[in-house]
Protein chains: 2
Amino acid sequence: MEFKEAKNKFVQTWGALGSQWGINKTMAQIHALLMVSNEPVSMEDIMEELQISRGNASMNLRALMDWGIVYKEFKVGERREFFTAEKDLDELAVKISRERSKREIKPTLKVLKEVSSIEASNSDEEKHFVDQTKKLYDFVLKADNVLDKITEYKDNWLTKLVVKIMK
Amino acid sequence: MEFKEAKNKFVQTWGALGSQWGINKTMAQIHALLMVSNEPVSMEDIMEELQISRGNASMNLRALMDWGIVYKEFKVGERREFFTAEKDLDELAVKISRERSKREIKPTLKVLKEVSSIEASNSDEEKHFVDQTKKLYDFVLKADNVLDKITEYKDNWLTKLVVKIMK
DNA sequence: TTAAACTTTCAAAAAAAAATGAAAGTTATT
DNA sequence: AATAACTTTCATTTTTTTTTGAAAGTTTAA
């Protein structure tokens, strides 16, 4: 396999993985492309490499920047904007975790708290509902906190976690 | 808020969360419904509660069973099939992790290994590609292994993990 | 201040994913 | 072995998501 082929394969695979995790394909592909580029890439080049429209590129780059995992770069004497991806994987994982927690887990926790707080009548059905949603609340909260704690290690959190678990 | 409203809110929320994580909405809703039901539910009832077609119910129940998180139950003297969800949350999380690892992470690792094994010429571009994809391979592999180890604790793995991390 | 070089926005189109429902399939009962 | 009770399949339709591209917006430089 030669370089171009390998690069393309990586971009496609990362895109597919993205969709399976609720991230749109193009967004994941742009991210993939930037991650393996040793220097900042212009929007023009992204459009060219991925064969996508200007609007598509613009919107997905915006989304990636909102996630905090892609940055704009300016080159001296260049009018165009260039983009780079967060390449430190520990940092990347931390940012994605934090963002998903904020956007998805926290709101879910709020709902779980609400629905588990209803006045359960005497019926088994209602009792079970309250019991199960309470358990779910506790579980999700605990998992969310664990993730938070782990990623607090900052540098090499994954390696540090391995050490903790092994001993 | 009364029971019916709370139940509906939970089902909707779980469904929305599902889509954000790449699981189809109905599949997540059926799962939610079964999780908070204190007794097995028939296909007919699922269709009724979620207002979905027979085909949709059938296909998504099949998918949930393939994931190993929903089971068929038979009631004596009943022709119809009934369904229940895995209600133990530790077990649920383990099954989902294992399945996602098998379906998505493992194949991705294979590709990462492939593309990071190309003969990198002398160009910085190619060197960076190989370097980055190698790092990614190591990271994903390590994360996958950690998840595996954690869920091996079986009972109360999340609590055990909290303990390990805190001390 | 004008124009060129570039980016963003968003209504409309296209593509992808999910849902329907009727026919085919299966299994249990008489 | 016929029928009733149920489930699965899959071509078609519907819905949702993504993409396009042209117009509007912005910034820089002459």
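This is a predicted model, so every value here is computed, not measured. Reminder, nothing fancy here: chain letters follow the sequence lines and each chain counts from 1.
When DNA chain C is scanned 5' to 3' for any atom under 4.0 Å from a heavy atom of chain A, the first and last hits are dA4(C) to dC10(C).
Between Met27(B) and Met59(A), the residue whose closest nucleotide on DNA chain C is further toward the 5' end is Met59(A). Between Thr26(B) and Met65(A), the residue whose closest nucleotide on DNA chain C is further toward the 5' end is Met65(A). Comparing Ser53(A) and Glu81(B) by the nucleotide of DNA chain D that holds the closest heavy atom to each, the one mapping nearer the 5' end is Glu81(B).
Arg80(A) comes within contact range of the sugar-phosphate backbone alone, with a heavy-atom separation under 4.0 Å but no base atom that close. At a threshold of 4.0 angstrom between heavy atoms, the contacts of Glu44(A) with the nucleic acid are absent. In this structure, Asn24(A) reaches the sugar-phosphate backbone alone: every heavy-atom distance under 4.0 Å involves primed, P, OP1 or OP2 atoms, never a base.
With rounding to whole Å, Asn60(B) atom CG is found 13 Å from dT9(D) atom P. Nucleotide dT26(D) holds its C1' atom 12 Å from the CZ atom of Phe74(A), rounded to whole Å. Here dT26(D) presents its P atom at 16 Å from CE of Met43(A), a figure rounded to the nearest Å. Taking atom CD of Glu78(A) as the reference point, atom P of dT28(D) lies 14 Å away to the nearest angstrom. The CG atom of Asn56(B) sits 15 Å away from the P atom of dT14(D) (whole-angstrom rounding). With rounding to whole Å, Ile46(A) atom CD1 is found 14 Å from dT19(D) atom P. To the nearest angstrom, P of dT9(D) lies 10 Å from CG of Asp66(B). What separates NZ of Lys25(A) from C1' of dT18(D) is a distance of 9 Å, to the nearest Å.
The pair Glu44(B)-Arg54(B) counts as a salt bridge, with a side-chain nitrogen and a carboxylate oxygen less than 4.0 angstrom apart. For the pair Lys160(B) and Asp155(B), the salt-bridge criterion is not met [side-chain N within less than 4.0 Å of a carboxylate O]. For Glu99(A) and Arg103(A), the salt-bridge test passes: some basic side-chain N is under 4.0 Å from an acidic carboxylate O.
Pairs of residues two or more places apart, or lying in two chains, that qualify as salt bridge (charged side-chain N to carboxylate O under 4.0 Å, His left out) and include a residue from residues 128-140 of chain A are Asp131(A)-Lys135(A).
In this structure, Arg100(A) satisfies the cation-pi test against Trp21(B), with its NZ or CZ atom closer than 6.0 Å to the six-membered ring centre and inside 45 degrees of the ring normal.
Put simply, the side chain of Asn145(B) does not reach to within 4.5 Å of the side chain of Ile165(A), judged on heavy atoms.
Under the side-chain hydrogen bond (donor to acceptor under 3.5 Å, both in side chains) criterion, Ser123(B) pairs with no residue at all, not counting sequence neighbours.
Within the structure, every side-chain polar atom (N or O) of Ser58(B) is placed at least 4.0 Å from both OP1 and OP2 of dT9(D).
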